[in-house]
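Here is the structure we will look at, set down as structure tokens.
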Amino acid sequence: MREITSIAIGGFDGMHIGHQALFAQLDENGAIVVIETGYANLTPDGFRERYTEYPIFYFQLEDIRHLDGEAFVKLLMQKFPKLRKIVVGYDFHFGKDRRYSFDDLRELFDGEVVVVDEVTHNGDSVHSHKIRHKLSIGDIKGANEFLGHNYTIVGEKEQGQGLGSRELVATININARAFLMPKEGVYVTLTRIDDEEHFHPSVSFVGHRITTDGSFAVESHILDGEVVCEEKAEISFIEYLRENKKFETLDALKEQIQKDIAKANKELKRLQL
């Protein structure tokens with residue numbers, strides 16, 4: 001921490017392409033300062049760290065929100081005594097009641113303040129709240145373009161109904177409630193099991209099991225052979241396949257699952273994944 005000479009400050013939930021534009025302004029001794037609000041659900045619980053090589057330091061909003069501008073800059077200098085550059089976004093505000101902007105930061109900080117302009121993709125400004133909206137309507141491709149990576153959730157293995165392996169197809173069930181769930185339905189995905197280095201092609205379901213017991217589930221069927229999951233899995237979303245819907249019989253559901261598998265295989269082959 002004492003060798004850090006530049007920092008980027010923000011919430012950075014999602015670590016999307018707008019955030020990456022800030023990180024690109026850091027020098028080799030740079031770091032990321034996350035103002036943690038407690039509402040991060042695109043990259044919660046330290047998952048931001050997988051999308052950058054820079055060290056990340058977390059400041060809890062409740063611990064700093066009372067500070068005036070001068071006290072906030074003083075805190076930064078205490079944490080990073082060699083600090084020479086601060087990078088923020090065009091909409092950055094800080095201090096009590098968010099009353100201070102980058103203009104105040106330039107006055108209070110005896111160093112360089114870099115303000116990164118709004119980042120757009122296909123003419124649309126990139127923001128975390130827009131990514132959340134895209135996920136909520138099943139626009140996985142749009143969310144992934146804004147993110148600059150596939151939206152991925154991670155969770156511990158949990159026991160499913162047991163119907164899959166007996167009546168339908170075998171699935172890995174996970175509890176990933178720290179993450180924002182995309183729209184209920186079936187997805188083309190890639191799934192990584194435990195600590196394996198590679199992802200398996202898969203088709204995944206997110207939603208309530210309305211054909212059976214109505215419970216909420218996140219489950220993934222591996223397409224390249226049966227895999228044993230011991231502790232955890234992560235699911236990387238590629239494309240939305242279809243809505244969650246009720247089937248009159250398990251045979252009808254099984255028939256639809258086979259169609260889902262065929263579509264997922266075709267799409268993954270097209271993408272060479």
Side-chain angles (χ1 to χ4, degrees), residues 1-121 125-133 146-149 151-152 154 178-180:
M1 187 180 294
R2 300 190 65 82
E3 299 304 314
I4 300 299
T5 56
S6 64
I7 59 172
I9 309 176
F12 302 132
D13 186 24
M15 301 294 277
H16 57 60
I17 60 176
H19 300 148
Q20 297 297 331
L22 272 69
F23 308 154
Q25 298 295 322
L26 296 172
D27 58 35
E28 61 181 5
N29 291 318
I32 297 168
V33 172
V34 169
I35 308 300
E36 185 62 87
T37 63
Y39 298 107
N41 57 7
L42 300 176
T43 46
D45 302 331
F47 283 97
R48 296 175 180 89
E49 292 161 21
R50 62 171 57 195
Y51 300 111
T52 183
E53 294 182 355
Y54 289 106
I56 300 180
F57 300 93
Y58 295 87
F59 286 21
Q60 299 300 316
L61 178 60
E62 287 302 316
D63 294 339
I64 64 172
R65 69 189 313 162
H66 65 286
L67 299 176
D68 63 18
E70 191 172 341
F72 178 69
V73 173
K74 183 178 180 181
L75 173 64
L76 293 177
M77 294 308 301
Q78 289 174 343
K79 296 288 186 181
F80 311 103
K82 293 186 179 181
L83 187 62
R84 295 293 177 266
K85 179 198 284 189
I86 298 177
V87 184
V88 296
Y90 72 99
D91 55 353
F92 176 73
H93 289 82
F94 68 102
K96 189 175 181 180
D97 300 323
R98 291 172 53 83
R99 69 177 68 172
Y100 303 97
S101 70
F102 59 79
D103 286 324
D104 300 291
L105 190 59
R106 281 175 167 152
E107 288 186 12
L108 295 166
F109 176 60
D110 186 21
E112 182 184 6
V113 175
V114 176
V115 180
V116 176
D117 290 335
E118 184 176 60
V119 173
T120 61
H121 178 74
S125 58
V126 178
H127 295 282
S128 296
H129 70 86
K130 290 187 177 181
I131 295 170
R132 292 187 181 93
H133 175 68
F146 271 29
L147 286 166
H149 54 262
Y151 182 60
T152 301
V154 183
F179 290 82
L180 176 68

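Worth knowing before you read on, the calculation uses all heavy atoms, side chains too, and leaves out hydrogens, waters and symmetry mates.
For NE2 of H93, the number of neighbouring non-hydrogen atoms (other residues, nucleotides, ligands) closer than 6.0 Å is greater than 12.
Evaluation of the side chain to side chain donor-acceptor pair (under 3.5 Å) rule for K130 yields D124, S125 as partners, not counting sequence neighbours. For H19, the ring pair (Phe, Tyr, Trp, His ring centres under 6.0 Å) partners are F12, H16, not counting sequence neighbours. With sequence neighbours left out, K82 forms a side chain to side chain donor-acceptor pair (under 3.5 Å) with E3. In this structure Y54 satisfies the ring pair (Phe, Tyr, Trp, His ring centres under 6.0 Å) test with no other residue, sequence neighbours excluded. Under the ring pair (Phe, Tyr, Trp, His ring centres under 6.0 Å) criterion, F179 pairs with F47, sequence neighbours left out. H149 meets the ring pair (Phe, Tyr, Trp, His ring centres under 6.0 Å) test with Y51; sequence neighbours excluded. Listed by chain and number, the residues in a side chain to side chain donor-acceptor pair (under 3.5 Å) with H121 are E145 (sequence neighbours excluded). By the side chain to side chain donor-acceptor pair (under 3.5 Å) test, R84 pairs with no residue at all, sequence neighbours left out.
When side chains are defined from C-beta on, V34 does not count as touching F59, because their heavy atoms never get closer than 4.5 Å. L108 places none of its side-chain heavy atoms less than 4.5 Å from the side chain of K74. When side chains are defined from C-beta on, Y151 counts as touching L42, because their heavy atoms get closer than 4.5 Å. Between I32 and F57 there is no side-chain heavy-atom pair separated by less than 4.5 Å. In this structure, T120 and V126 have side chains that are not in contact, with every pair of non-hydrogen atoms separated by 4.5 Å or more.
Taken from CD1 in I9 to CD1 in I35, the straight-line distance is 6.5 Å, to the nearest 0.5 Å. Distance check: T43 OG1 to M15 CE gives 7.0 Å after rounding to the nearest 0.5 Å. Rounding to the nearest 0.5 Å places CG of L76 at 4.5 Å from CD1 of I7. Atom CG of residue L83 and atom CG of residue N29 lie 11.5 Å apart, to the nearest 0.5 angstrom.
For the salt bridge (Lys or Arg N to Asp or Glu O under 4.0 Å) condition, the pairs that include at least one residue of residues 98-115, sequence neighbours left out, are D97-R99. Counting only residues at least two apart or on different chains, the ring-ring contact (aromatic ring centres under 6.0 Å, His included) pairs with a member in residues 96-118 are F94-Y100. Pairs engaging residues 12-40 under the salt bridge (Lys or Arg N to Asp or Glu O under 4.0 Å) rule: D13-R132, E36-R48 [sequence neighbours left out]. Annotation: salt bridge (Lys or Arg N to Asp or Glu O under 4.0 Å) contacts involving residues 59-73, sequence neighbours excluded, comprise E62-R65.
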- Task: Given side-chain contact (heavy atoms from CB on, under 4.5 Å), test V154 with R50 step by step and report yes or no.
- Result: CA-CA 12 Å; V154 183; R50 62 171 57 195; 4.1 Å; yes
- Could you check V88 against I86 for side-chain contact (heavy atoms from CB on, under 4.5 Å), going step by step and ending with a plain yes or no? CA-CA 7 Å; V88 296; I86 298 177; 4.0 Å; yes
- Show the numbers, then the answer: is there a side-chain contact (heavy atoms from CB on, under 4.5 Å) between I4 and K79? CA-CA 9 Å; I4 300 299; K79 296 288 186 181; over 6 Å; no
- Message: One pair to check against side-chain contact (heavy atoms from CB on, under 4.5 Å): L75 and I64. What are the steps and the verdict?
- Response: CA-CA 9 Å; L75 173 64; I64 64 172; 3.8 Å; yes
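The heavy-atom pair separating G30 from P55 by the smallest distance is O-CD, 3.5 Å. Of all heavy-atom pairs between A178 and D45, the closest is CB-OD2, 3.6 Å. Taking both residues in full, the closest heavy atoms of A8 and L22 are given as CB-CB, 4.4 Å, listed atom of the first, atom of the second, then distance.
Judged by distance alone, the side chain of K85 and the main-chain N or O of Q25 form a donor-acceptor pair under 3.5 Å.
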